Structure formats: C-alpha cells, structure tokens
Asks: 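Dropping a structure here in structure tokens format, bear with me for questions.
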2 protein chains.
Amino acid sequence: MDITKTLAALNNPVRRQILVWLKDRSNFPPALAEHADLDGVCVAYIQAKAALSQSTISSYMGLLKDAGLVTSERHGQWTFYARNEAAIEAAMQALTQELTKS
Amino acid sequence: MDITKTLAALNNPVRRQILVWLKDRSNFPPALAEHADLDGVCVAYIQAKAALSQSTISSYMGLLKDAGLVTSERHGQWTFYARNEAAIEAAMQALTQELTKS
DNA sequence: TCCATATATCGAAATATACCGATATGCCAT
DNA sequence: ATGGCATATCGGTATATTTCGATATATGGA
C-alpha cells in the first residue's frame, strides 16, 4: 500500500470518477451474455463514459491498478476492471490515520 | 471544501510531512517567549525541518492554506501556520465518502 | 492463415508541478 | 529615513502529467 502512488492515482478527476462509476455495474451498458458472471467492466465501456481516448483510459486503468485500487482480469480479448474494495478502504484508512490527529 | 484542490495539495510527500509535523508543536524549536501563546509554527522553522528553500516552503504553505488544510496568522514579521483539524477531518471524510462503497 | 476487434504501449505536444535564486513587501528597531 | 529580518512573490529550469494518434500485441473467428 504505497500512499504516494495511491494519491497520485487519485489526483485526477477522471480517475476518481471511474472509481465512483465502478461502484455500480449499472452505470455501464449491460455485459455480453458470456460475461454476465464477471463483475468488472471492459475498457471500451469505461472509455465511452469518460469520453477520453482509448489509450488514455488504458493507461489510467493501468495507474489505478498499479496503485492497487482496481483489479483486472483478462477474458479473451477483453480486460475487465473492478474496484478493489479492500484496498480502497485500506488506502482511505491509512491516509486518514496519517493525516488526522485523533 | 474543494476535493480536487485538497488532493493536489496532499499529492506531495513534503507537504504531507509538514501536516504531520504540525500535529505536535514539539517537532519544532521552542517558540519565542512573545509567541508562547500561539499554536502555529513560523515558516522558518518549517523550512529548517523540510530542508527546502524558503520560497518553496512559503508557496507550499500557501497551497495548504488555499486547500483549507492549515490556517495562517500573521504576528509582526512572522506568519504562523497551524493545522485546521476540522478541515482535515472533513476532507478525509469527504474523500472516504466519495470513494468507498459502504 | 488472414482479418477484425479489444487492449496495451510508444512517441510526442501541451500543460502543470517542483524547486530554485533573486527580488519585493511588510514590519520592527534605531 | 535606514537597515535588518521574516515572508511572499516572480521568473526560470527541470521534470512529471495529461492527453493524443499511431502502432504493436493478443485473441477469436471465417
């Protein structure tokens, strides 16, 4: 849990928004039938909502994953990204712990 | 409470360290007798601990103040900076609220 | 095998951030 | 007024981030 890397990843409004969107699968178009059991969202769906280029979103997801805030699973040609709830909570706790007094 | 400005201010290890140091006045040299009643710390003391230039620390404190994380009080030729506990806690809560699921 | 699709990576341009030294400003004592 | 501190601001350079389009890689299907 690298707090510096975490804050760098969070220090961008689009990346934060993606984390918020990923709270609820219904923020994205329905998954293909063959992916119905997966809880992640593919890059193309995230890209469409964020309205930035494919390469930008791909690298954003890489940053979020590097910081541990999301997980990724490749299924065929798709990569599915999902929130890492435990890591997100741990990061918030660590930051709060470090910065608040009590 | 601008979460973007807050995260930008926190996205620097020295600025975070300054916030941590300011938790405890005894992290700095004793205040002059005439400043004994003030709870803040002057720029020069912060600069000495951070070991960056005076201008850098002055602008860092400006960023932290702009984000609301510290308050400043001028007394004579000195500016005393102190943590804004309520704002720091509010910022942590807001960030946690936005990013965590439950 | 060849092609289309999804994602990742590369290289570049524009902008922001991290610092610095020099200078300006404000305050105090003489 | 003059000089000496403490702090703020300015202008600059080096580095990092944002974002793109182009290209590479991987996969799955005809």
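All values reported here derive from a predicted model rather than from experimental measurement.
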Asks: Rounded to the nearest 0.5 Å, how far does CG of B:L64 lie from CG of B:N84?
Replies: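 Separation between the atoms: 11.5 Å.
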Asks: Using a heavy-atom cut-off of under 4.0 Å over every strand shown, decide if B:Y45 touches base, sugar-phosphate, or nothing.
Replies: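 Since no nucleic acid heavy atom lies under 4.0 Å of B:Y45, the category is nothing.
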Asks: By the 4.0 Å heavy-atom rule, please label A:F80 as base, sugar-phosphate, or nothing.
Replies: nothing
Asks: Measure the spacing between CG of A:L99 and CZ of B:R83 and express it to the nearest 0.5 Å.
Replies: 7.0 Å
Asks: 5' to 3' on DNA chain D, which nucleotides open and close the contacts with chain A (atom under 4.0 Å from a heavy atom)?
Replies: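 Using the under 4.0 Å cut-off, the span is D:dT18 to D:dG28.
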Asks: If you draw a 6.0 Å radius around CD in A:E34, do more than 12 non-hydrogen atoms from other residues or ligands fall strictly inside?
Replies: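 Enclosed.
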Asks: Find the distance between OH (A:Y81) and CG (A:L38) and round it off to the nearest 0.5 Å.
Replies: 14.0 Å
Asks: Given atom NE2 of B:H35 and atom P of C:dC27, what is their separation to the nearest angstrom?
Replies: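 So the NE2-P distance, B:H35 to C:dC27, works out to 13 Å.
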Asks: In residues 11-20 of chain B, what donor-acceptor pairs under 3.5 Å come from side-chain atoms, sequence neighbours left out?
Replies:
{"unit_1": "B:N11", "atom_1": "OD1", "unit_2": "A:A8", "atom_2": "N", "d": "3.4"}
{"unit_1": "B:N12", "atom_1": "OD1", "unit_2": "B:V14", "atom_2": "N", "d": "2.8"}
{"unit_1": "B:N12", "atom_1": "OD1", "unit_2": "B:R15", "atom_2": "N", "d": "2.9"}
{"unit_1": "B:N12", "atom_1": "ND2", "unit_2": "B:Y60", "atom_2": "OH", "d": "3.3"}
{"unit_1": "B:R15", "atom_1": "NE", "unit_2": "B:A9", "atom_2": "O", "d": "2.7"}
{"unit_1": "B:R15", "atom_1": "NH2", "unit_2": "B:A8", "atom_2": "O", "d": "3.1"}
{"unit_1": "B:R16", "atom_1": "NH1", "unit_2": "B:L10", "atom_2": "O", "d": "2.6"}
{"unit_1": "B:R16", "atom_1": "NH2", "unit_2": "A:T4", "atom_2": "OG1", "d": "3.0"}

Asks: Check step by step if side-chain contact (heavy atoms from CB on, under 4.5 Å) holds for B:E85 and A:S102.
Replies: CA-CA 10 Å; B:E85 302 294 351; A:S102 52; over 6 Å; no
Asks: In whole angstroms, how far is the P atom of C:dT7 from the NE2 atom of A:H75?
Replies: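 Interatomic distance, NE2 of A:H75 to P of C:dT7: 12 Å.
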Asks: Which whole-number value in Å describes the distance from B:D66 CG to C:dA16 P?
Replies: 16 Å
Asks: May I have the distance from B:W78 (atom CH2) to C:dC28 (atom P), rounded to whole angstrom?
Replies: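 About 8 Å, once rounded to whole Å.
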Asks: Measure from CG on A:L7 to P on C:dA18 and round the result to the nearest Å.
Replies: 12 Å
Asks: Please report the interatomic distance CD(B:E73) to OG1(B:T79), rounded to the nearest 0.5 Å.
Replies: 10.0 Å
Asks: Rounding to an integer number of Å, can you tell me how far A:E73 CD sits from C:dA6 C1'?
Replies: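 After rounding, the gap between these two atoms is 16 Å.
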Asks: Determine whether a donor-acceptor pair (N or O, by modelled atom type, separation under 3.5 Å) exists between the side chain of A:K23 and the backbone of B:K101.
Replies: no
Asks: For A:R25 and A:D39: C-alpha separation, side-chain torsions, deciding distance, then whether side-chain contact (heavy atoms from CB on, under 4.5 Å) applies.
Replies: CA-CA 7 Å; A:R25 196 31 263 244; A:D39 61 339; over 6 Å; no
Asks: Strictly below 4.0 Å: does A:R74 bring a side-chain N or O up to OP1 or OP2 of C:dA8?
Replies: no
Asks: Pairs under 3.5 angstrom, nitrogen or oxygen only, protein versus nucleotides 19-22 of chain C, please.
Replies:
{"unit_1": "C:dC19", "atom_1": "OP2", "unit_2": "B:Y60", "atom_2": "OH", "d": "2.8"}
{"unit_1": "C:dC20", "atom_1": "OP2", "unit_2": "B:S53", "atom_2": "N", "d": "2.6"}
{"unit_1": "C:dC20", "atom_1": "OP2", "unit_2": "B:S53", "atom_2": "OG", "d": "2.8"}
{"unit_1": "C:dC20", "atom_1": "OP2", "unit_2": "B:T56", "atom_2": "OG1", "d": "2.8"}
{"unit_1": "C:dG21", "atom_1": "N7", "unit_2": "B:S55", "atom_2": "OG", "d": "3.4"}
{"unit_1": "C:dG21", "atom_1": "O6", "unit_2": "B:S55", "atom_2": "OG", "d": "2.8"}

Asks: Between C1' on C:dA6 and CD on A:Q77, what's the gap in Å once rounded to a whole number?
Replies: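 A:Q77 atom CD is separated from C:dA6 atom C1' by 6 Å.
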Asks: Figure out the CD1/P separation between A:I46 and C:dT7, and round it to whole Å.
Replies: 9 Å
